[in-house]
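When a residue number appears, it is its place in the shown sequence, counting from 1. These numbers come from the heavy atoms of this one structure, side chains and all, not from hydrogens, waters or symmetry mates.
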Amino acid sequence: MKKTLLTIIAALLLGGVVNAQSWGENPDSHAQPSNTPIVASITVNGESVTLDNTMRLGAFINDSLRGIAAPHTDGKFWIQVFYTDANDNITFKFYDGTDEYTTCETTLAGAEDGYGTPSAPQVLNFTTTQTMTQTSTLAEGWTWWSTPIEMEGNNGLEQLQNSISQYGTKIMSQSGTRMKRPNGSWMGGFTSLENEQCYKINVSETSTVTMTGVWADPNDHEITLAGDGQWNWIGYPVTISQQAGSALANLTPETGDAIMGPNGTGFYRSGRWIPNITLTPGSGYLYKSNASTTKTFVYAVNRPSIPYETQEQPFWIANTHRYENCMAIVAVVYIGEEEQRDETMELGAFVNGECTGSAKLFYVEEDDRYFTVLTVGANDGDRISFGLVNNSKGIVYNESIDHLAFSKNAIVGYFDQPYEIHFSSLGIEESTQRVAMYPNPVDRGQAFKLNIPQEEEVLDVTMVNALGAVVRHDTGALKSTITGLPVAGVYTIKVYCRSGNTYYGRLIVK
């Protein structure tokens with residue numbers, strides 16, 4: 001009798017409810033096989049709420065609206081919640097006519113007998129803790145990921161797996177790997193996410209991860225670092241970007257400690273991080289500790305942490321998502337016999353003709369030398385070659401004389417004994433006559449147009465890749481629209497015209 005009465009009344013109430021909070025469409029009573037009737041009273045931070053007609057209660061399963069109700073005449077919410085399985089977790093949101101409350105202390109399971117009665121209602125206590133959403137875009141391939149959203153058991157893992165359910169293939173932690181089965185379910189490895197951990201996520205196409213919850217307090221998430229030169233996969237449960245020197249202010253590093261992300265590696269030396277890389281919310285990192293014992297720390301949060309500066313687009317466009325693993329190279333650069341001392345010099349690392357890491361030279365005063373720290377992605381044993389550009393003079397140098405074999409998590413060279421990368425003195429010098437190309441960047445295989453003066457007749461187009469190798473050479477009376485290049489990278493385009501004029505430009509192929 002109890003279930004029948006509540007179901008009838010809840011169904012009648014449901015028909016007249018307007019969804020004021022954009023929680024979704026009114027749930028279809030025929031979409032799910034079972035329903036749970038609930039009679040509920042509301043408290044906020046433990047204080048009873050007197051209900052009025054502007055208020056709404058929403059019930060959800062996995063962020064899908066399964067029930068919505070306006071207050072009943074007895075001053076309580078009578079709501080019917082549709083569910084599929086008794087193990088479904090029912091969560092709640094409350095709108096008081098002005099504000100939305102999304103943090104409820106009570107989670108209920110599907111039950112046909114329902115919860116609460118008019119004389120003894122189910123109490124739903126909401127708190128004013130603000131719920132936030134972290135949205136991360138995962139590029140095709142690998143992303144080193146962590147979250148500043150507080151994780152609670154399996155809920156965080158469920159959110160992550162649901163977000164990447166279409167294109168996700170692997171989620172790796174330092175202790176295990178979860179794999180997606182052909183039927184779309186996940187298996188193996190760990191069973192929950194931790195804010196203190198870095199995860200490597202592989203997706204077959206660009207995906208968006210949405211994590212909803214409350215911001216984590218860094219003080220509640222102590223990071224543990226194993227020593228003796230071991231690498232530790234660490235998360236970054238902080239909501240602002242900070243340079244390593246600020247974020248790691250509570251840690252006493254050892255000389256030679258390293259922190260690595262796909263976009264850069266910093267080393268602790270002479271009391272500071274060189275280079276002082278930026279840690280960003282949503283990213284994960286590897287930390288190599290040279291301490292003889294285990295250390296712990298919590299991240300500092302120092303505002304403002306990064307001065308505003310205009311970031312110049314790099315010459316080499318690195319694909320930092322193709323590979324799961326990285327290595328770091330501390331190097332000096334030679335052209336001929338001369339060691340380079342120029343901050344406009346930019347070094348690129350290449351695997352099979354594709355740039356997988358780039359960095360400019362920078363000055364270190366105590367050594368009176370210009371170094372570069374490259375973070376390079378590849379597979380074990382891959383051959384790494386190097387390219388060099390002088391951005392101030394527009395000169396691209398041919399493939400380096402030196403090559404490396406990739407090794408996961410390796411560090412090659414250091415500031416007191418850097419790896420030397422040598423180039424011949426012959427570069428591909430760009431003329432002052434430049435040719436613009438549109439579109440630029442261009443997708444692989446997409447045609448592009450040479451924007452040269454109308455009176456010019458193109459006779460010869462040479463395309464040179466980042467390593468200085470000619471990848472295509474078209475001759476004859478040519479049109480200004482050129483067919484596309486099939487391989488991503490940065491190309492120097494040389495255009496020779498019947499007038500005798502030569503034009504140079506740079507094309508980026510995505």
Side-chain angles (χ1 to χ4, degrees), residues 23-25 27-36 58-67 81-93 102 104 107-112 131 133-214 216 233 235 237 282-284 321-325 379:
W23 287 334
E25 297 299 325
D28 182 358
S29 61
H30 301 289
Q32 308 298 330
S34 304
N35 62 79
T36 293
F60 299 80
I61 295 175
N62 292 330
D63 295 324
S64 174
L65 182 69
R66 296 297 181 85
V81 183
F82 304 106
Y83 69 95
T84 303
D85 186 275
N87 293 322
D88 286 344
N89 289 325
I90 304 171
T91 59
F92 300 92
K93 296 180 183 180
T102 59
C104 181
T107 299
L108 301 177
E112 292 193 359
T131 298
T133 298
Q134 173 205 8
T135 301
S136 306
T137 299
L138 307 184
E140 177 185 344
W142 290 93
T143 297
W144 294 15
W145 180 88
S146 69
T147 179
I149 297 293
E150 190 74 57
M151 295 291 95
E152 295 182 3
N154 290 332
N155 178 257
L157 185 57
E158 289 175 1
Q159 288 191 58
L160 175 58
Q161 291 177 166
N162 290 338
S163 289
I164 63 172
S165 60
Q166 184 173 5
Y167 300 120
T169 63
K170 289 183 182 179
I171 306 172
M172 299 182 64
S173 73
Q174 192 164 12
S175 59
T177 301
R178 291 188 67 78
M179 305 280 292
K180 191 171 76 172
R181 294 185 177 103
N183 65 6
S185 64
W186 291 83
M187 63 175 291
F190 45 92
T191 58
S192 63
L193 296 182
E194 298 178 10
N195 295 93
E196 299 84 0
Q197 296 297 308
C198 163
Y199 299 89
K200 296 182 181 181
I201 303 173
N202 184 259
V203 293
S204 58
E205 292 190 26
T206 299
S207 303
T208 299
V209 172
T210 301
M211 306 297 290
T212 301
V214 298
W233 295 28
S283 295
H321 297 278
R322 180 174 293 278
Y323 300 100
E324 171 193 343
N325 299 306
N379 295 319

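You'll find the side chain of Leu160 reaches within 4.5 Å of the side chain of Leu193, heavy atoms only. For the pair Thr212/Gln159, a side-chain contact is recorded, criterion being any heavy-atom separation below 4.5 Å from C-beta on. Side chains of Lys200 and Asn325 form a contact here, defined as non-hydrogen atoms less than 4.5 Å apart. Residues Met172 and Thr177 form a side-chain contact, since some pair of their non-hydrogen atoms from C-beta on lies under 4.5 Å apart. Residues Ser34 and Glu112 are in side-chain contact: their nearest non-hydrogen atoms beyond the backbone lie under 4.5 Å apart. The side-chain heavy atoms of Thr147 and Val209, taken from C-beta on, include no pair separated by under 4.5 Å. At a threshold of 4.5 Å between non-hydrogen side-chain atoms, the residues Ile171 and Trp186 count as touching.
Glu140 CD to Ser204 OG: the interatomic distance, rounded to the nearest 0.5 Å, is 7.0 Å. In this structure, Met211 CE and Asn162 CG are separated by 10.0 Å, a value rounded to the nearest 0.5 Å.
A donor-acceptor contact closer than 3.5 angstrom is absent between the side chains of Ser173 and Gln197. Between Thr107 and Asn89, the side chains place no donor N or O within less than 3.5 Å of an acceptor N or O (distance only, hydrogens not considered).
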Using the side-chain contact (heavy atoms from CB on, under 4.5 Å) rule, take Leu138 and Ile164 through it: C-alpha gap first, then chi angles, then the decisive distance, then the call. CA-CA 9 Å; Leu138 307 184; Ile164 63 172; 4.0 Å; yes

Could you go through Ile61 and Ile90, starting from their C-alpha distance and side-chain angles, then the distance that decides it, and tell me whether this counts as side-chain contact (heavy atoms from CB on, under 4.5 Å)? CA-CA 5 Å; Ile61 295 175; Ile90 304 171; 4.2 Å; yes

Applying side-chain contact (heavy atoms from CB on, under 4.5 Å), run through Thr84 and Arg66 and close with a yes or a no. CA-CA 10 Å; Thr84 303; Arg66 296 297 181 85; 4.2 Å; yes

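Closest approach of Trp142 to Lys170, counting heavy atoms only: CH2-CD, 4.0 Å. Here the shortest heavy-atom pairing between Trp145 and Ser136 reads NE1-OG, 3.6 Å. Shown here for Asn195 and Pro237, the closest heavy-atom pair between the two residues is O-CD, 3.8 Å. Residue Thr206 comes nearest to Tyr167 through the heavy atom pair O-CD1, 4.0 Å, listed as atom of the first residue, atom of the second, then distance. Across all their heavy atoms, Asn62 and Glu158 have their closest contact at OD1-OE1, 4.3 Å. Minimum interatomic distance between Ser146 and Ser283 (heavy atoms only, all atoms of both residues): OG-O, 2.6 Å.
Between the Ser163 side chain and the Thr210 main chain, a donor and an acceptor come within less than 3.5 Å of each other. Judged by distance alone, the side chain of Gln134 and the main-chain N or O of Ile149 form no donor-acceptor pair under 3.5 Å.
By the salt bridge (charged side-chain N to carboxylate O under 4.0 Å, His left out) test, Arg178 is found to be paired with no residue, residues two or more places apart in sequence or in another chain being considered.
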